[in-house]
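It should be emphasised that the depicted structure is a prediction, and the values quoted were computed from it without experimental measurement. Here is the naming used below: chain letters follow the sequence lines, and residue numbers restart at 1 for every chain.
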Protein chains: 2
Amino acid sequence: MTTAGTAHETTTRPGPAAARQHSLREHNLELVARAVFEVPEPLSRAGVATATGLARATVSTLVDQLVAAGLVRELPAVTGGRAGRPAVPLVPAPRTVVGLGLEVNVDYLGARVLDLTGDVVAERVVPGSFHDSDPTAVLARLGALARELSDEVTASGMTVAGARLALPGLVDPRAGTLQVAPNLGWSSIEPVPLLGLDLDVQVANEAKLAALAELAGGSDVAAPDSFVFVSGDVGIGAAIVVDRRLFLGERGWNGEIGHVVVDPAGPRCSCGAFGCLEQYAGKEAMMRAAGLPADAPLADLVARLRADDADLPAGRALGSALADFVNLIDIGTIVLGGAYTELLPWLRADVEAALTERVLAAPFVDLQVRAAQAGPHAALTGGAREVLARVLADPSAWV
Amino acid sequence: MTTAGTAHETTTRPGPAAARQHSLREHNLELVARAVFEVPEPLSRAGVATATGLARATVSTLVDQLVAAGLVRELPAVTGGRAGRPAVPLVPAPRTVVGLGLEVNVDYLGARVLDLTGDVVAERVVPGSFHDSDPTAVLARLGALARELSDEVTASGMTVAGARLALPGLVDPRAGTLQVAPNLGWSSIEPVPLLGLDLDVQVANEAKLAALAELAGGSDVAAPDSFVFVSGDVGIGAAIVVDRRLFLGERGWNGEIGHVVVDPAGPRCSCGAFGCLEQYAGKEAMMRAAGLPADAPLADLVARLRADDADLPAGRALGSALADFVNLIDIGTIVLGGAYTELLPWLRADVEAALTERVLAAPFVDLQVRAAQAGPHAALTGGAREVLARVLADPSAWV
DNA sequence: GGGTAATAGTTCAGTCGTACAACTAATGCG
DNA sequence: CGCATTAGTTGTACGACTGAACTATTACCC
């Protein structure tokens with residue numbers, strides 16, 4: 001079923017649907033599933049009951065359904081030092097239902113499979129240079145890679161619930177189209193059919209999916225519930241997460257911080273305007289400012305910065321644009337991803353100074369700037385997690 | 001019950017609550033209420049059934065409850081030219097449950113009562129100058145005004161469901177506090193107790209409530225489902241509406257477009273930073289640019305513009321800041337309120353030029369700039385409507 | 001070792017809300 | 001005047017949750 005989401009256009013506003021008996025069950029099934037999945041320590045049926053407020057009897061039937069569907073697994077009863085019948089711990093079932101994350105970016109192409117526990121089950125990442133590439137050829141190649149991976153995990157008895165394709169550009173998830181990806185040189189295509197996959201594949205913006213990966217948190221630090229994720233590379237994209245959900249605006253084309261005005265008298269940008277952030281804090285601009293070739297690897301810049309012990313001039317520009325962002329949307333935590341993760345030590349001072357100087361609410365808010373935790377190729381992880389989150393949100397489809 | 005919302009802080013994430021049988025009823029009661037309220041032509045019970053997808057029998061019992069609660073009224077059966085038993089049209093009950101909107105702004109103070117049909121039942125607006133005023137005295141005065149109005153409508157048999165107090169500044173609705181309102185000269189106060197009202201009063205930002213008023217739409221033009229509302233006066237505030245709901249960010253302190261960078265080499269702003277939009281497109285800046293005294297009435301500026309037939313220089317700055325806004329949040333419709341409503345003819349060209357030049361998604365979106373429709377003192381209307389929207393969202397509390 | 005308290009999980013009758021179908025009510029039309 | 005048509009009501013069936021009683025399994029104490 002190679003679908004891209006049907007666009008049920010009606011003249012009347014959609015509005016919420018009528019709630020029937022089975023809507024109740026679906027709602028509570030999701031509630032129980034979340035209770036099992038989003039808790040550090042495994043819960044028992046009784047634990048789920050107290051956590052959700054549902055009756056023990058109700059929880060039992062719901063959990064049984066999740067176990068039967070293969071989404072939840074029972075661990076051996078643990079006879080802890082407490083009196084009473086030992087509890088049966090419930091955990092996300094490993095290696096049963098999995099999500100597939102796909103990505104084409106400027107310098108690599110890859111696919112990653114995650115299971116419900118968050119483990120990486122399999123992955124392939126192919127470095128390359130996809131600047132001004134041919135979408136048909138590249139997507140066919142990624143499709144072949146994905147099919148290989150998918151066949152592999154299916155042979156091991158897992159079910160691939162769906163896939164997300166991350167692209168660095170303006171994407172319409174509902175229509176399944178890519179409007180334009182400047183750094184790939186792609187425009188006006190329908191990427192999903194070109195993959196040739198027999199799966200439910202949806203396209204998404206790379207920064208948005210990377211932000212979702214960030215939500216899972218690092219090994220030591222938990223992710224904040226609301227943050228702005230800024231992915232700095234050749235282009236600069238951002239995503240807004242509020243209460244652990246992506247905020248997409250009208251079409252999902254928000255977060256284009258790379259083209260915020262830093263100085264109207266500044267250099268001309270590839271987008272046609274003058275003084276965009278990208279001309280100060282894009283990867284190529286940072287390289288040139290450091291006296292390096294525009295396409296030098298990031299490591300060269302880091303080495304130079306280590307040696308010179310001087311801040312990046314990009315910091316002031318980035319701080320100014322981020323202050324605008326915070327003034328406009330009121331999110332107090334900023335997570336820097338992409339190249340910025342590694343460059344943060346030489347950016348932090350100027351960014352924080354700009355924020356305290358320019359953000360109106362700064363005296364009343366604890367503004368935080370932190371490095372991304374999600375690791376390399378975060379969009380792959382985010383895409384796979386998004387698929388699995390959809391499974392979690394509607395477990396009844398799997399029962 | 002002079003409350004300001006309790007802040008149930010728990011260590012665990014709140015999450016959705018368990019759904020019981022009565023949650024079903026509450027959900028469907030809201031669904032039916034919305035169907036009756038948000039439709040231009042009155043619906044019958046059968047009409048509501050087809051519109052909501054609920055069974056006719058279910059709708060009947062739900063409608064009966066709404067009628068019994070006094071939220072919905074039955075009109076005389078209309079024997080239209082069609083065969084069959086005549087339908088009983090259902091309409092929002094006039095003058096039963098009402099909402100109270102309150103506001104203190106720089107140049108006036110007022111209260112307005114709306115009923116469920118959207119009619120203004122009563123209002124008082126007192127012009128004045130509240131720049132650097134004493135919050136205790138001013139709020140006591142507004143409280144007296146509000147009590148007068150409230151007593152009046154209560155004597156006519158109506159029930160005041162609650163009130164919203166609009167203030168031009170940073171407000172924390174949950175805590176019921178005002179952090180700072182620069183143009184009033186107020187900071188760090190709890191306004192609600194100072195009103196001395198025996199009602200559920202909540203504070204809110206003025207631009208946010210004005211945007212809600214805008215949602216009701218004008219007499220001729222329907223309001224868009226998603227838009228950015230920019231309220232331009234001495235200060236410049238904005239609100240973001242997505243799918244007919246306010247987007248508030250983390251604390252409701254978003255939309256501070258007045259302090260977005262227009263030019264880092266520009267004049268120093270009252271906020272301490274340089275080159276903020278307010279220094280170009282704030283009311284006082286526009287007056288001075290036109291050679292008028294900073295506190296001249298808006299009509300003087302309009303007269304001058306009519307005579308000169310020249311665009312406002314503020315247009316370019318405003319357009320630049322709005323382009324940043326659209327790039328960051330992806331909302332295609334911009335509604336200009338406050339002083340901008342009247343000044344739009346002399347701003348439009350430059351604003352639209354900046355948008356098409358700077359917004360990355362401009363080639364793919366129909367960007368629209370339009371004048372606000374909500375009329376004078378929009379925040380009063382928005383506040384009252386917000387109270388009534390809360391009634392609509394949970395009619396079971398009134399049954 | 002056996003009794004008791006404690007906790008987990010299951011079973012079952014009770015209640016509530018919706019769906020479906022049959023029924024009554026009221027109108028237009030031929 | 002009868003029939004078709006549409007609105008609204010009544011009654012039965014079914015599904016989902018609850019609470020209480022019951023079973024299962026452990027720890028602890030004498």
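Shown here are the salt bridge (charged side-chain N to carboxylate O under 4.0 Å, His left out) partners of A/Glu26, two or more places apart in sequence or in another chain: there are none. When the salt bridge (charged side-chain N to carboxylate O under 4.0 Å, His left out) test is applied to B/Asp64, the partners found at least two apart in sequence or on another chain are B/Arg45. Partners of B/Pro89 according to the side chain to side chain contact (heavy atoms under 4.5 Å, CB included) rule, which considers only residues two or more places apart in sequence or in another chain, are B/Pro42, B/Leu75, B/Val78.
A distance-only check finds no donor-acceptor pair linking the side chain of A/Asp200 to the backbone of A/Gly162 [under 3.5 Å]. At least one donor-acceptor pair closer than 3.5 Å links the side chain of A/Thr50 to the backbone N or O of A/Gly47.
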| request: Would you sort out whether A/Gln65 and A/Val32 count as a side chain to side chain contact (heavy atoms under 4.5 Å, CB included), showing the intermediate values? | output: CA-CA 11 Å; A/Gln65 288 188 41; A/Val32 169; over 6 Å; no
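In terms of position along DNA chain C, the nucleotide closest to A/Ala46 lies nearer the 5' end than the nucleotide closest to the other residue of the pair A/Ala46 and A/Gln21. In terms of position on DNA chain D, the residue among A/Pro86 and A/Glu26 whose nearest nucleotide sits closer to the 5' end is A/Glu26. Residues A/Arg45 and A/Gly84 each lie close to DNA chain C; by heavy-atom proximity, the contact nearer the 5' end of the strand is made by A/Gly84.
Atom P of nucleotide C/dA19 and atom NE2 of A/His22 are separated by 9 Å, given to the nearest angstrom. Distance A/Arg85 CZ to C/dT4 C1': 19 Å, rounded to the nearest Å. The nearest whole Å value for the distance from the CG atom in A/Leu43 to the C1' atom in C/dT7 is 15 Å. One atom, CZ of B/Arg20, and another, C1' of C/dC16, lie 14 Å apart when rounded to the nearest Å.
Five base pairs at each end of the helix from C/dG1-D/dC30 to C/dG30-D/dC1 define two local axes, and these are offset by 10° (rounded to 10°).
The nearest pair of heavy atoms linking B/Pro86 to B/Ala77 is CB-CB, 4.2 Å. Heavy-atom minimum distance, A/Arg385 versus A/Leu212: CD-O, 4.4 Å. Nearest approach of A/Val120 to A/Arg95, heavy atoms of both residues: O-NH2, 4.0 Å. Closest approach of B/Ser44 and B/Leu90 over heavy atoms only: C-CD1, 4.0 Å.
First and last contacting nucleotides of DNA chain D toward chain A (any atom under 4.0 angstrom from a heavy atom, 5' to 3' order): D/dG15 to D/dC28.
A donor atom on one side chain and an acceptor atom on the other are found under 3.5 Å apart for A/Thr381 and A/Arg112.
Phosphate contact (OP1/OP2 of C/dA26, side-chain N/O of B/Thr79, threshold under 4.0 Å): absent. Remark: B/Arg25 is not in phosphate contact with C/dC16, judged by side-chain N or O atoms under 4.0 Å from OP1 or OP2.
Using a 4.0 Å cutoff on non-hydrogen atoms, the parts of residues 52-77 of chain B near DNA chain C are B/Ala55, B/Ala57, B/Thr58, ordered by number.
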